[in-house]
There are 2 protein chains.
Amino acid sequence: MEFKHQATVTLAEVAEAAGVGESTVSRVLRNHGSFSGRTRERVMAAVERLGYVPNRIAGTLASTGSRLVAFVIPSLSNIVFPDVLRGASAVLEENRYQAVFSVTDYDPGQEEALAAAMLAWRPAAVMLAGYEHTEGTVKMLRASGCRVVELLDLDGDALDIAVGFSNRAAGRESATFLLERGYRRIGYVGHDLNRDTRAGKRFSSFCATLAARDAPLVGREIVAGASSVENGRLGLQRLLARISDLDAVYFSNDDMALGGYFHCLAEGIAVPSKLAIFGYNGLDIGRAMPQPLSTIRTPRVATGKIAAQLVVANAPPQTVDLGFELIEGATA
Amino acid sequence: MEFKHQATVTLAEVAEAAGVGESTVSRVLRNHGSFSGRTRERVMAAVERLGYVPNRIAGTLASTGSRLVAFVIPSLSNIVFPDVLRGASAVLEENRYQAVFSVTDYDPGQEEALAAAMLAWRPAAVMLAGYEHTEGTVKMLRASGCRVVELLDLDGDALDIAVGFSNRAAGRESATFLLERGYRRIGYVGHDLNRDTRAGKRFSSFCATLAARDAPLVGREIVAGASSVENGRLGLQRLLARISDLDAVYFSNDDMALGGYFHCLAEGIAVPSKLAIFGYNGLDIGRAMPQPLSTIRTPRVATGKIAAQLVVANAPPQTVDLGFELIEGATA
DNA sequence: GATTTTTTTGGCAGCGCTACCAATTTGCTG
DNA sequence: CAGCAAATTGGTAGCGCTGCCAAAAAAATC
């Protein structure tokens with residue numbers, strides 16, 4: 001029960017204390033190979049007595065595969081990524097895998113640097129957002145031999161495993177929904193599209209669908225900085241200042257849409273009769289609004305979960321489409 | 001179907017290819033010790049040519065200190081923790097440290113298990129939320145010899161480093177603010193207090209302050225499950241169904257408060273004239289509401305940032321109070 | 001009781017790297 | 001150019017663990 005105030009109890013010391021060989025201790029601790037019940041007890045007693053904590057660094061070096069899973073994500077501000085991590089971490093913890101992460105801030109160059117740093121830990125898998133990577137990143141990942149999982153995007157070619165849904169389809173369905181509801185003068189409020197390429201895909205496919213149905217996008221407002229409620233409110237305000245006769249606005253995501261909704265509330269703009277609002281992500285918050293938000297619900301947690309399960313199972317290369325769900329809501 | 005790591009290039013192979021010794025390559029790569037410019041070039045050329053990626057597992061085992069920092073956090077749904085991670089990850093990346101994390105789901109037993117798993121990676125530091133840990137966790141951490149950082153709580157005794165602010169003070173100031181505004185019939189809507197002990201500290205100190213000023217809490221509603229906008233809305237609805245003449249409600253955080261605000265909007269309850277609303281966290285979303293949310297803004301990102309800086313600098317044990325800011329807003 | 005089979009066990013060579021030390025080369029001084 | 005200090009460089013012993021193999025012990029068989 002007593003832990004020694006030493007950071008340095010080693011397997012060899014446990015073996016010594018238990019009066020058995022090192023490999024026997026290793027076998028007992030990993031519950032791998034065979035050993036007698038009596039040996040097990042003696043080893044466990046010594047472990048307990050010395051407060052031994054196995055050294056996974058050494059263990060990983062000595063054995064073939066690691067149990068690290070590396071996440072290289074664009075952001076932690078955008079709820080999407082914490083949600084993915086959440087879905088994945090439960091599965092990983094159950095299977096005694098360890099999650100490691102770093103944040104690229106939507107910068108492909110940074111992604112490359114961080115992916116390289118990650119590979120130095122020899123992870124079992126690297127999880128990345130989407131398909132847009134630098135040539136260098138792709139080359140490194142290919143050469144590394146470790147599993148690669150691309151998340152939240154299916155519009156492109158997968159390196160290995162891909163889990164998510166089509167952003168293009170999401171953009172298309174959003175446009176179709178608005179058109180079918182009779183909206184014709186449609187605008188867009190979004191954040192930086194060059195950085196968030198998935199939002200860019202939604203937008204371009206949204207526009208293409210509108211154009212194909214003879215109701216091309218009337219106007220757009222791209223705010224600087226990350227998506228946020230404040231930026232959504234600001235963006236809508238600016239857009240309406242330029243083009244006052246819109247009948248619907250498509251937002252780059254729910255945070256932005258909520259900001260737009262707040263703007264309407266504050267300005268007394270009736271939603272959806274005067275102006276319809278449509279979001280993306282299907283956050284919990286949208287359901288609690290006085291008028292439920294019309295949006296597309298994406299399987300963020302499930303994406304993380306499935307991705308982790310495939311890695312743990314060392315599944316063959318594949319692309320898993322988890323789809324999404326259009327929520328009619330009351331704002332469009 | 002099995003997929004194996006392919007054979008990777010080792011430092012020895014680079015040394016061979018560059019025609020130098022292993023230790024020379026190691027020195028060049030870590031930019032540590034001395035070597036000539038010509039040697040540097042030859043080594044770098046070989047690294048480039050072979051696509052060498054150093055093995056940090058081996059490096060860490062061979063050297064004394066690791067550059068891993070372990071986060072053991074209660075949740076990823078509560079924005080607080082992604083914010084802390086965000087603040088920390090920027091600093092860690094700059095200093096070539098690697099963040100590792102796992103999620104306890106507010107379960108102290110799970111925290112102990114995950115902390116043990118973390119220590120197996122011999123991190124430079126373990127970052128935990130608050131002061132409430134099992135005896136086993138504390139013993140382990142003490143024995144591990146690695147730095148321990150306790151985050152987001154200062155009401156208790158620190159093990160080593162603590163960074164955050166006082167939740168008790170936050171609860172007290174919230175109460176004082178409401179009382180000074182003249183509210184006397186005050187209620188509370190919160191999520192599970194036994195699990196989220198920091199919310200519990202705010203609440204108990206809030207209540208004590210009210211009681212000391214002869215305006216004890218009139219009623220409370222604790223919803224099952226995690227804090228969320230939906231639960232806030234539901235909680236307020238239930239509380240008002242029981243006690244209709246409240247003049248102010250304190251929420252366990254901004255998400256819950258926003259839900260309450262939505263309930264008022266939907267039910268036509270005037271805020272703050274009929275019912276005042278007060279939150280906690282100071283999320284960006286509160287500023288964008290038609291009426292800015294009255295709340296307390298906490299330094300979440302800064303907490304992560306400072307914590308990481310102290311670890312990187314291997315600072316002596318200390319407690320850093322980052323304070324918080326009361327936002328008057330327009331809802332109370 | 002002797003022999004074969006099965007189960008347990010310990011020894012030890014690495015895993016890929018860093019730290020230390022000694023050897024070598026280079027640069028300077030007088 | 002000897003003589004010494006400084007800058008480079010390579011060799012090698014681990015870091016703590018796992019995987020392999022052979023030895024020892026226990027169980028089963030005739």
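Letters A, B, ... mirror the listed sequences (proteins, then strands); counts begin at 1.
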Do the side chains of B:Val80 and B:Thr298 get nearer than 4.5 Å, heavy atoms only?
no

So, does A:Ser36 get its side chain near the phosphate of C:dT9, meaning an N or O under 4.0 Å from OP1 or OP2?
yes

If we only count heavy atoms from C-beta on, is the B:Ser26 to B:His32 side-chain gap below 4.5 Å?
no

Applying side chain to side chain contact (heavy atoms under 4.5 Å, CB included), run through B:Glu22 and B:Val14 and close with a yes or a no.
CA-CA 8 Å; B:Glu22 292 185 35; B:Val14 173; over 6 Å; no

Counting heavy atoms not belonging to A:Glu16, are there more than 12 under 6.0 Å from its CD?
no

Of B:Gly21 and B:Ala58, the one whose closest DNA chain D nucleotide lies more 5'
B:Gly21

Interatomic distance, A:Leu29 CG vs D:dC17 P [rounded to whole Å]
9 Å

When you check the phosphate oxygens OP1 and OP2 of C:dT9, does a side-chain N or O of A:Thr39 lie under 4.0 Å from one of them?
yes

In whole angstroms, the gap separating P of D:dT18 from CG of A:Asn55 amounts to 9 Å

Whole-Å distance, B:Leu11 CG to C:dT18 C1', equals 9 Å

Quick one: does any side-chain atom of B:Arg67 pair with a main-chain N or O of B:Asn95 as donor and acceptor, under 3.5 Å?
yes

Please work out which residues in residues 93-102 of chain A have a non-hydrogen atom less than 4.0 Å from an atom of DNA chain C and list them by number.
none

Within the 4.5 Å heavy-atom criterion, are A:Met44 and A:Val28 side-chain neighbours or not?
yes

Could you write nucleotides 19-28 of chain D as a row of B, S and -, 5' to 3', where a protein heavy atom under 4.0 Å of any base atom gives B, of only sugar-phosphate atoms gives S, and otherwise -?
B---------

Please tell me whether B:Glu150 and B:His133 have a donor and an acceptor in their side chains that are separated by less than 3.5 angstrom.
yes

Round to the nearest Å and state the distance from B:Leu61 atom CG to D:dA13 atom P.
17 Å

Rounded to whole Å, how long is the line connecting atom CD of A:Glu13 with atom P of D:dC15?
11 Å

Salt bridge or not for A:Lys201 and A:Glu132, using N-O below 4.0 Å?
yes

Please report the distance, rounded to the nearest Å, between CZ in A:Phe35 and C1' in C:dG10.
16 Å

Would you kindly give the CZ-to-P distance between A:Arg67 and D:dC17, to the nearest whole Å?
17 Å

Rounding to a whole Å, what distance do you find between B:Ile57:CD1 and D:dT18:C1'?
14 Å

Taking the side chain as every heavy atom from C-beta outward, state whether A:Val138 and A:Leu159 have any pair of such atoms under 4.5 Å apart.
yes

If you compare every side-chain N and O of A:Ser34 against the phosphate oxygens of C:dT7 (OP1, OP2), does one of them come in below 4.0 Å?
no

